[in-house]
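Scroll down for the structure; my scribbles are underneath it.
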Amino acid sequence: MTIKMITRDIIKIELINIIIRFMPCRKQIALDEETDIVSELEYDSIALVELLNEIEERFGVDFIDLPDFAERFKKIGNIVDGIVLKVKE
């Protein structure tokens, strides 16, 4: 199966697993598409860079090329949508 065949749901599940692995805080919180990775999960700039690198490596995308990158890289659902856009290219 190539990366182009991955569904949005699979991307979301894999992204949430990556977010959990790199999450700087270890509080118990239910993650969904509305979860804000900075304010709710306490991602700092270093953790954000590590997360971004892992996303780009895992999904083979250059996420920072998105025109609305700064706004998109906040909530889980927006990140998933950005990955979907990049994967379709």
Side-chain angles (χ1 to χ4, degrees):
M1 178 168 70
T2 66
I3 194 77
K4 302 270 185 205
M5 297 161 87
I6 292 180
T7 66
R8 187 182 189 287
D9 289 336
I10 292 172
I11 289 172
K12 183 173 91 173
I13 290 166
E14 290 192 27
L15 176 64
I16 287 174
N17 287 330
I18 292 168
I19 288 170
I20 290 168
R21 198 168 67 231
F22 285 88
M23 199 161 58
C25 71
R26 292 292 169 208
K27 59 179 157 179
Q28 297 293 322
I29 184 170
L31 302 181
D32 61 28
E33 293 203 22
E34 291 301 312
T35 303
D36 186 304
I37 60 174
V38 174
S39 66
E40 293 179 64
L41 304 182
E42 301 175 12
Y43 267 77
D44 59 14
S45 58
I46 293 171
L48 285 171
V49 168
E50 290 173 345
L51 177 63
L52 179 61
N53 287 336
E54 184 67 19
I55 289 169
E56 290 181 343
E57 183 176 311
R58 167 57 192 98
F59 296 105
V61 298
D62 195 357
F63 202 77
I64 208 159
D65 285 345
L66 289 169
D68 58 349
F69 167 75
E71 295 79 35
R72 186 174 296 279
F73 207 73
K74 291 180 182 174
K75 294 190 177 188
I76 291 175
N78 294 344
I79 298 170
V80 170
D81 291 339
I83 295 168
V84 169
L85 285 173
K86 296 303 288 179
V87 166
K88 285 182 177 180
E89 291 182 348

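All residue numbers refer to positions in the sequence shown, counting from 1.
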Donor-acceptor pairs under 3.5 Å, side chain of residues 73-85 to any protein atom, not counting sequence neighbours: which ones?
from: Lys75; atom 1: NZ; to: Glu34; atom 2: OE1; distance (Å): 3.3
from: Asp81; atom 1: OD1; to: Arg8; atom 2: NE; distance (Å): 3.0
from: Asp81; atom 1: OD1; to: Arg8; atom 2: NH2; distance (Å): 2.7

With sequence neighbours excluded, tell me which residues meet side-chain contact (heavy atoms from CB on, under 4.5 Å) with Asp68. Leu66, Glu71, Arg72

Please list, chain by chain and in numerical order, all residues satisfying side-chain contact (heavy atoms from CB on, under 4.5 Å) with Glu42, sequence neighbours excluded. Cys25, Lys27

Quick check: does any side chain N or O of Glu40 sit under 3.5 Å from a backbone N or O of Asp36, one acting as donor and the other as acceptor? yes

Are Met23 and Ile13 connected, step by step, through hydrophobic side chains (Ile, Leu, Val, Met, Phe, Trp, Tyr) whose heavy atoms are closer than 4.5 Å? no

Would you mind listing every side-chain hydrogen bond (donor to acceptor under 3.5 Å, both in side chains) that reaches into residues 13-24, with sequence neighbours excluded? Glu14-Arg58, Arg21-Glu54

Output a table of donor-acceptor pairs, distance under 3.5 Å, between side-chain atoms of residues 44-52 and any protein atom two or more places apart or on a different chain; print 'none' if there are none.
from: Asp44; atom 1: OD1; to: Ile46; atom 2: N; distance (Å): 3.3
from: Asp44; atom 1: OD1; to: Ala47; atom 2: N; distance (Å): 2.8

According to side-chain hydrogen bond (donor to acceptor under 3.5 Å, both in side chains), who are the partners of Asp32, at least two apart in sequence or on a separate chain? Thr35

Could you tell me the separation between the CD1 atom of Ile55 and the CZ atom of Phe22, rounded to the nearest 0.5 Å? 9.5 Å

Leu31 side chain near Ile20 side chain, heavy-atom distance below 4.5 Å: yes

